[in-house]
Amino acid sequence: MKDNLKLWNAVEKTDPNHTKKANVKGNKITSIKPQYQILQATKQWGSYGKTWGFRNLELGYELKDVGLITFKGTFFYPDGEFETLNTISIWKDNAKTKLDDDFAKKVETDSLTKSLSKLGFSADIFLGRYDDVRYVQEITREYTKKPKLSEDKMVNHKEWSQSQIESVKKSFDLTDEQLTKLNKVK
């Protein structure tokens, strides 16, 4: 039986070290660093532009009178492709006095985020889990690097209680050899 959620499950969690709080038009959101998203997609599929990315990009100026530019493109990846549509304001400010000369880059980046989200990338953010303080604490612990356990601290490991062993397993990044030694202690 095919696992339709295999990709989703592999990419749904977002390392909090690659997020930031943002205020977008009065809405407080958690934003994902685009380079992190590109890294995650590259881990899954390989190089951007070769095995995944956009093709047939078009910027449309039919809405420029209202200050919007449209983005159309085909997002492709090894298992398929789909059309992506988006818009962006050409203005940096609400007063519409400052043109945004980075609008093309921004709309492409936002479109990439939206396309990847449809496949499950950083789904925890889009599902609102980052609004839950307990989830953020839990995911932060998960992505916090554990210190390595030096061999000199393992000398008396055979005398440790089961609760001490479990505490060491949770608190340290253990080598396979260290883990094997601890699992043999009765």
Side-chain angles (χ1 to χ4, degrees), residues 2-24 27-54 75-80 84 102 105-106 108-186:
K2 186 175 180 181
D3 183 4
N4 290 331
L5 291 176
K6 183 178 178 184
L7 175 62
W8 187 287
N9 291 335
V11 299
E12 71 178 323
K13 292 183 181 178
T14 308
D15 182 342
N17 294 308
H18 298 286
T19 67
K20 64 181 178 176
K21 294 295 180 191
N23 189 333
V24 178
N27 295 315
K28 293 181 181 176
I29 65 165
T30 301
S31 175
I32 311 151
K33 295 177 183 174
Q35 205 62 26
Y36 172 76
Q37 293 179 298
I38 292 169
L39 172 65
Q40 296 308 304
T42 300
K43 284 180 183 178
Q44 295 299 316
W45 303 317
S47 299
Y48 180 87
K50 184 175 182 180
T51 54
W52 69 278
F54 285 118
F75 182 82
F76 69 96
Y77 63 106
D79 290 335
T84 297
D102 280 336
K105 178 183 77 165
K106 289 177 181 177
E108 182 181 0
T109 300
D110 186 56
S111 298
L112 179 64
T113 295
K114 298 297 183 208
S115 296
L116 290 171
S117 75
K118 290 179 180 184
L119 299 171
F121 285 80
S122 296
D124 54 356
I125 289 175
F126 296 105
L127 288 169
R129 292 185 188 142
Y130 264 74
D131 297 334
D132 180 345
V133 173
R134 284 176 285 177
Y135 178 80
V136 174
Q137 289 171 340
E138 179 184 308
I139 199 79
T140 300
R141 275 194 300 276
E142 186 176 326
Y143 279 95
T144 300
K145 294 198 186 288
K146 297 178 186 176
K148 298 210 180 280
L149 183 64
S150 63
E151 285 301 318
D152 60 320
K153 292 190 178 179
M154 286 280 297
V155 172
N156 297 326
H157 74 277
K158 292 181 181 178
E159 299 170 15
W160 294 349
S161 69
Q162 200 59 40
S163 65
Q164 287 172 311
I165 290 171
E166 292 307 314
S167 177
V168 167
K169 285 181 180 179
K170 288 179 186 175
S171 303
F172 291 94
D173 181 17
L174 302 173
T175 65
D176 290 340
E177 184 181 330
Q178 289 171 328
L179 197 53
T180 300
K181 284 180 182 179
L182 291 177
N183 287 336
K184 288 182 179 178
V185 176
K186 299 283 178 191

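Since the structure is predicted, the reported quantities are computational estimates derived from the model, not experimental observations.
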Who passes salt bridge (Lys or Arg N to Asp or Glu O under 4.0 Å) against Glu138, sequence neighbours left out?
-> none
Neighbour count above 12 (heavy atom, 6.0 Å) for Lys170 NZ | no
Would Ile139 and Lys13 satisfy side-chain contact (heavy atoms from CB on, under 4.5 Å), going step by step from the backbone distance to the final call?
-> CA-CA 8 Å; Ile139 199 79; Lys13 292 183 181 178; 3.8 Å; yes
Compare every heavy atom of Val136 with every heavy atom of Thr140, then report the nearest pair and how far apart it is.
-> OG1-O, 2.6 Å
Determine the sole option in Ile125, Asp131, Leu127 for which the side chain to side chain contact (heavy atoms under 4.5 Å, CB included) test with Arg129 is passed.
-> Leu127
Taking only residues two or more places apart in sequence, or in another chain, which ones meet Asn23 in a side-chain contact (heavy atoms from CB on, under 4.5 Å)?
-> none
Might you point out which heavy atoms bring His157 and Met154 nearest each other, and give the distance in Å?
-> ND1-O, 2.7 Å
Sorted by chain and number, sequence neighbours left out, side chain to side chain donor-acceptor pair (under 3.5 Å) with Glu159 holds for none
Tyr48: what forms a ring pair (Phe, Tyr, Trp, His ring centres under 6.0 Å) with it, not counting sequence neighbours?
-> Trp52
For Asp176, side-chain contact (heavy atoms from CB on, under 4.5 Å) partners two or more places apart | none
Walk me through it: do Phe75 and Lys114 pass the test side-chain contact (heavy atoms from CB on, under 4.5 Å)?
-> CA-CA 10 Å; Phe75 182 82; Lys114 298 297 183 208; over 6 Å; no
At their closest point, which heavy atom of Trp8 faces which heavy atom of Lys118, and how far apart are they?
-> CZ3-O, 4.1 Å
Report the distance from atom CG of Leu5 to atom CG of Asp3, rounding to the nearest 0.5 Å.
-> 6.0 Å
Could you state the interatomic distance from CD (Glu177) to CG (Leu182), rounded to the nearest 0.5 Å?
-> 11.0 Å
Does a sphere of radius 6.0 Å around NZ in Lys181 hold more than 12 heavy atoms from other residues, nucleotides or ligands, not counting ones at 6.0 Å or beyond?
-> yes
Here the pair of heavy atoms bringing Gly49 nearest to Phe76 is O-CZ, 3.9 Å
Can you list the residues that meet the side-chain contact (heavy atoms from CB on, under 4.5 Å) rule with Ser31, with sequence neighbours excluded?
-> Lys20, Ala22
Distance-only, no hydrogens or angles: does the Ser167 side chain make a donor-acceptor pair with backbone N or O of Ser163 under 3.5 Å?
-> no
Residues that Asn17 engages under side chain to side chain donor-acceptor pair (under 3.5 Å), provided they are two or more places apart = Asp15
Below 4.5 Å, heavy atoms only, C-beta onward: do Glu166 and Trp160 meet side chain to side chain?
-> no
How far apart are the C-alpha atoms of Leu112 and Phe121, what are their side-chain angles, what is the distance that settles it, and do they pass the side-chain contact (heavy atoms from CB on, under 4.5 Å) test?
-> CA-CA 11 Å; Leu112 179 64; Phe121 285 80; over 6 Å; no
Looking at residues at least two apart in the chain, or sitting in another chain, which of them share a salt bridge (Lys or Arg N to Asp or Glu O under 4.0 Å) with Glu108?
-> none
Test item: Val11 and Leu119 side chains (from C-beta on) under 4.5 Å apart, heavy atoms = no
Heavy atoms only: give me the nearest Thr30-Thr19 pair and the separation to one decimal.
-> CG2-CB, 3.7 Å
Beyond-backbone contact of Glu151 with Gln178, side-chain heavy atoms, under 4.5 angstrom = yes
For Thr84 and Ser115, test the side chains for any donor-to-acceptor distance below 3.5 angstrom and give the result as yes or no.
-> yes
Partners of Lys169 by side chain to side chain donor-acceptor pair (under 3.5 Å), sequence neighbours excluded?
-> Asn183
Heavy-atom pair with the smallest gap, counting every atom of Leu149 and Lys153 = CD1-CB, 3.8 Å
Can you list every side-chain hydrogen bond (donor to acceptor under 3.5 Å, both in side chains) pair that touches residues 32-47, not counting sequence neighbours?
-> Gln37-Thr113
Neighbour count >12 (heavy atoms, 6.0 Å) for atom NZ, Lys148 = no
Mind checking what makes side chain to side chain donor-acceptor pair (under 3.5 Å) contact with Thr14, not counting sequence neighbours?
-> Ser122, Asp124
Using the test ring pair (Phe, Tyr, Trp, His ring centres under 6.0 Å), find all partners of Tyr130 that sit at least two apart in sequence or belong to another chain.
-> Tyr135
